[in-house]
Amino acid sequence: MASETTTGLPYADRFAAIAATLPGQSVPWLRELREDSFARFAQLGLPTPRVEQWKYTNLHPLTKAGFEPAVVNGQGRGQIKALQPLSSLLPAEEPAHRLVFVNGLFRRDLSEIGALPEGVRLDGLGEALASEAESLAPMLGRAVRSGDNALLALNTALMADGCILRIGRGVSIDAPIHLVFVGAAEETALAFHPRNLIVAERDSRAVIFESHVASNGGVYWSNPVTEVTVEDGAEIQHYKFQDESLDAFHIALTEVEIGERGRYHSFVMTSGGRLSRQEIRAVLDGKGAECRLTGGYLARGKQHVDNTTEIVHAKPHTTSKEVYKGVLDEQGRAVFQGKIIVEKDAQKSDGHQLNRTLLLSDRAEIDTKPELEIYADDVKCSHGATAGELEESALFYLRARGIDETAARRMLIEAFLGDLGEDLASATVKAALQRRVSNWLAAI
Amino acid sequence: MAASVDTAETVQSIAGDKYKYGFITDIESETAPRGLNEDTVRFISAKKNEPEWLLEWRLKAFRLWTGMTEPSWSKLGYPPIDYQDAYYYSAPKRKEAPKSLDEIDPELLKTYEKLGIPLREQEMLAGVAVDAVFDSVSVATTFRKKLEEKGIIFCSISEAVQNHPELVKKYLGSVVPYSDNFFATLNSAVFTDGSFVYVPEGVRCPMELSTYFRINAAQTGQFERTLIIADKGSYVSYLEGCTAPMRDENQLHAAVVELIALDDAEIKYSTVQNWYPGDENGKGGIYNFVTKRGACRGRNSQISWTQVETGSAITWKYPSCILQGENSVGKFYSIAITNNYQQADTGTKMIHIGKNTRSTIVSKGISAGKAQNTYRGLVKILPGAANARNHTQCDSLLIGDKCGAHTVPYIETRNRTARVEHEATTSKIDADQLFYCMQRGLSAEDSVSLIVNGFCKQVLQELPMEFAVEAQKLVGISLEGSVG
Amino acid sequence: MLEVKNLHVTVDGQPILKGLDLSVGAGEVHAIMGPNGSGKSTLAYVLAGREGYEVTEGSILYQGRDLLDLSPEERARDGIFLAFQYPVEIPGVGTNSFLKTAVNAVRKHRGERELDAMEFMKLMREKRDLLGVNEEMLRRSLNVGFSGGEKKRTEILQMALLDPKLAVLDETDSGLDIDALKIVAEGVNALRSPDRAMVLITHYQRLLNYIVPDKVHVLAAGCIAKSGGKELAHQLEKEGYGDLAGKTGAAA
Ligand SMILES: Nc1ncnc2c1ncn2[C@@H]1O[C@H](COP(=O)(O)OP(=O)(O)O)[C@@H](O)[C@H]1O
Ligand SMILES: [Mg+2]
């Protein structure tokens, strides 16, 4: 039954042919890994809302788009037509190492990697898979803890490129690393499956920005999987702005493993995509590990935005803090699923989570499922969720001070989302967040 | 009482040639043969002398049920239930009643004592002493007279089927349809008895209606079916369950409760569930799979569920409110305590359909020993529910490091003007509080009981006075042995 | 009544008390003073039997018996009362019903008849008036939403109700304004009796103007650095602890 009908993807039955063109096919273990992963995907099929984790997000539209692989024989399909200057994605004053991917394919010609400290490897994954796959074996799949995950399996089967970042022991990279993913489809709907491997060795530090943008409209599907390993005492700040085209599908999975005293701070701002999901799964796997997940989402039209997170406290004295906030207009729909698991021996763990959504229209919808699963007793865990419109009394207060209603609303919405920035270490990101919000509000 | 006089003829005429399965002799014995098939359903219906429509309804449920699978989404683990290895009908009167308290399990009596239940009541609860039962029947009759004067109907559902068929036909299955879920469907096919309440327009029921005196009027079966209708502008408070463990060799209980509140009506439904939880090694105990749902059909109607769940090995229960009428109000106050190997997966659903509907959820889960305690709830605001409000507070307390506490809320909001707030916390029992109590001379066990009662206060105070006192004691008793 | 000898206590593996000696006789009132963090509360908790305070050396005899074997509630029932520096809030537990439970637990242990609700209310009313605790407060949850002063006053009210033999008051004076201080002191003085011993832990000499101690000890760096009569308190007020704390610190 592993066929087109279950997987729902038009090119699924051409796997053998497509696989032959993927990098690293001459390496037996890699070839086998791809084959096994594809078989797994074919067996599972695209998740349906009957799968608890996908209860609120229906991937059915994916089956109707008629996707073609974006990469054939290492060559990318699709042309960049009109891309905004990349420098505008981040405030210009910020120097960064910039890697550009078009339809998932690393474009060295568009990238700009400055001088890196010793002990740092920063490169495209595709070439490495083709020429030195052995060196990737210990990294690939290292942070993955998901069991049955069809889209992860599909990514592993079809990954053609992505980013490798390895930061050596004790090394700090000062300038942020900026990964720019550009989607560029035309008449043919394109699908790509970037794989990013990030390893921060003991006591190292780095800041990563991800931008996901579109160069022209068009239907494409980005299915990125990012693996992050934060070893003991290391620290990763990971900021992502998802501004895909409004016709695009963006289904992303980030798997994180955090060692003793390690810190992983993530921020994800979603305003693009027709249907998008950002799933983050983090395992606090060492004493004193810390994880912070912050997220913002803005949806209008018929956009569907899903944020799904799972934080596992596997060791004692671990901390997690999670705040997701969003604003929905028109028929915008958002999903927040946040699960905190405290395992049996993870005593003295702290896990806190908050999800708040403002609904601006009568047809908007938010589905929230915060979840606590606690098997240790000496813990402090909480979650909170709210949904509704702007506080009438606050609105009235501002208007009573002479501010007109539109301005007052905008002010309150900006304040509502603005405090997401308070927890963020990067001033650049704060500024980018603000800009995103005010651009979005300007269109109301 | 129900199902007393029956003849083979009645059954024959209904069951037709299904006879060959040897039901005749079994009818004499007042017990249906082990197992479940259409004949069992016909047998039960015939025993109860039910009208054709009700038999048809049961059969539809049964046929549907045979194609259903048991739900597996809860966080409950238990060995598969063999539905064919059970009796679905056994006339309650024939149960052998113990003749004196000497014949009752001393463990049970100890619990009664701790609860401070007077001896006379102990006898009644354990179903001893014939005259005590008679006594209480006469008490019940006095109450019944008083209720009749006001036009309130309070009887067993079997009696209601005979005496008030129009009401039963109109409302039975109107809140929990026979197709609702695996356990409710099973119940629809084989329910044996339960309570029926109808409060007419404008009447305030002058007393708490409780199983306390109903228990003797109609023995609770495995598959209880309760139907309560509060007509316009009426009020009724119903108390269910007794504060004593009802030992039952049958493992499975699958009850259905339906509440209907019309315009301006209010129903308060309180439960103290203390069925046998199994022993400290997890042996035995009741599997309690219950479907409870109330429909606020009318404007300004209100339904509140208050539950104290301390018993059963497995609890699967989500008393819910469908808030259809404008300005209607749903409330859910719950305490769920699990100790030893108990497992509870319980919570509520608040479905906001009408304008200005409001709901409140307060859930206190306490887990001790090796128990698992899950709150599972749904708050759904539909597009028409303008200005709907929900506030949910879910707190879990852990006692000991081998138990688990889980919170699984689903919150679906589809109206801009609605306001939904949900808060949940999980923590262990506070060591400072324990030490403070013990410094004042309280034993560790009493300190835990006191602190947990404080933790549950918000829910306990929703219970009718006399119930609250017993519930408080029960909280302490259920946690016995949880601190070293 | 109380004999503490060479007491060594560690908390979380950290030595806090390092060879403390203290002897308090029936009817006596002792004041223990000392800088912040010197181990005063630790001493109080050890006497009351709090978990996590590990006695690694030394002994405590109370009424001639080894105290260390007893659970906190046994000590409490045997007459040891601790007025907490930070009284604990217990939501949902009414102050009145808590006190009734405690009083009856202690009475039962002493072989006295348990009080019914009426008798308890009567006893409560007497003691309450003595300490100016208003009735409304007692209907609230234990210590929840009480001001600092209200908490301290309720502690003394509890002491009066439980009628202990050895009362340890841990900084009961801090956070009280002068009027409240006077009320509390009066309450304490009223409870002074020949068969009751008291240990007052305090920071300031101020309290000792109202409750005159028989003896004053200075606790510094985990031991009694100096003992004397009530005049020692005045001296400390003028000169501070600096010297004493330093000396023992250097010696340790
Ligand atoms: N739980 C604890 N873990 C580790 N150290 C503690 C703990 N409690 C108190 N201490 C330390 O013990 C010392 C004595 O504290 P304490 O007895 O409270 O002092 P005092 O009451 O005299 O101010 C302080 O240094 C304090 O930091
Ligand atoms: Mg102190």
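Convention: sequence-line order gives letters A, B, ...; per-chain numbering from 1.
Using a 4.0 Å cut-off between a side-chain N of Lys or Arg and a carboxylate O of Asp or Glu, A:Asp419 and A:Arg356 do not qualify as a salt bridge. For A:Arg409 and A:Glu405, the salt-bridge test passes: some basic side-chain N is under 4.0 Å from an acidic carboxylate O. The pair B:Glu421-B:Arg419 does not count as a salt bridge, with every side-chain nitrogen at least 4.0 angstrom from each carboxylate oxygen.
Note on A:Ala376, A:Ser361, A:Gly388: by heavy-atom pairs under 4.5 Å with chain B, the leading option is A:Ser361. Here A:Leu372 is the residue among A:Leu354, A:Asp362, A:Leu372, A:Thr386 with the most heavy-atom pairs under 4.5 Å with chain B. Interface remark: of the candidates B:Ala388, B:Gly404, B:Pro383, B:Ser396, B:Gly404 forms the most heavy-atom pairs closer than 4.5 Å to chain A. Looking only at heavy-atom pairs under 4.5 Å with chain A, the residue among B:Ile429, B:Thr417, B:Val379 that has the most is B:Thr417. Per-residue heavy-atom pair counts under 4.5 Å with chain B were compared for A:Lys339, A:Glu371, A:His352, A:Glu389, and the maximum is reached by A:Glu389. Each of A:Leu359, A:Ile374, A:Asp378, A:Asp367 has some count of heavy-atom pairs under 4.5 Å with chain B, and the biggest count is that of A:Ile374. The candidate with the highest count of non-hydrogen atom pairs below 4.5 Å against chain A, out of B:Asn373, B:Leu398, B:Val420, is B:Val420.
Only the side chain of A:Glu52 has a heavy atom closer than 4.5 Å to any heavy atom of chain B. If you measure heavy-atom distances from A:Lys55 to chain B, the contacts under 4.5 Å come from the side chain alone. Proximity to chain B (any heavy atom under 4.5 Å) is shown, for A:Gln337, by neither the backbone nor the side chain. Proximity to chain B (any heavy atom under 4.5 Å) is shown, for A:Gln331, by neither the backbone nor the side chain. Heavy atoms of A:Leu360 lying under 4.5 Å from chain B belong exclusively to its backbone. Neither the backbone nor the side chain of A:Phe336 comes within contact range of chain B; no heavy atoms are under 4.5 Å apart. Heavy atoms of B:Lys75 lying under 4.5 Å from chain A belong exclusively to its side chain. Only the backbone of A:Leu390 has a heavy atom closer than 4.5 Å to any heavy atom of chain B. B:Ala424 touches chain A through backbone and side chain together, each having a heavy atom under 4.5 Å away. Both the backbone and the side chain of A:Ala387 come within contact range of chain B, with heavy atoms under 4.5 Å apart.
Atom NZ in A:Lys287 sits 5.0 Å away from atom NE2 in A:His317 (nearest 0.5 Å). Taking NE2 from A:His313 and CD from A:Gln347, the interatomic distance works out to 12.5 Å, rounded to the nearest 0.5 Å. Here the straight-line distance linking atom CD1 of B:Ile351 with atom NZ of B:Lys349 works out to 6.5 Å at 0.5 Å rounding. Between A:Arg333 atom CZ and A:Tyr56 atom OH the span is 8.5 Å, to the nearest 0.5 Å.
Aromatic ring pairs are classed by plane angle as parallel below 30°, tilted from 30° to 60° and perpendicular above 60°; the pair A:Tyr375 and B:His406 is tilted.
Aromatic pair B:Tyr333/B:Trp305: centroids not less than 6.0 angstrom apart. Note: B:Trp73 and B:Tyr410 fail the aromatic proximity criterion, with ring centroids not under 6.0 Å apart.
The two residues A:Leu298 and A:Val437 have their closest heavy-atom pair at CD1-CA, 4.3 Å.
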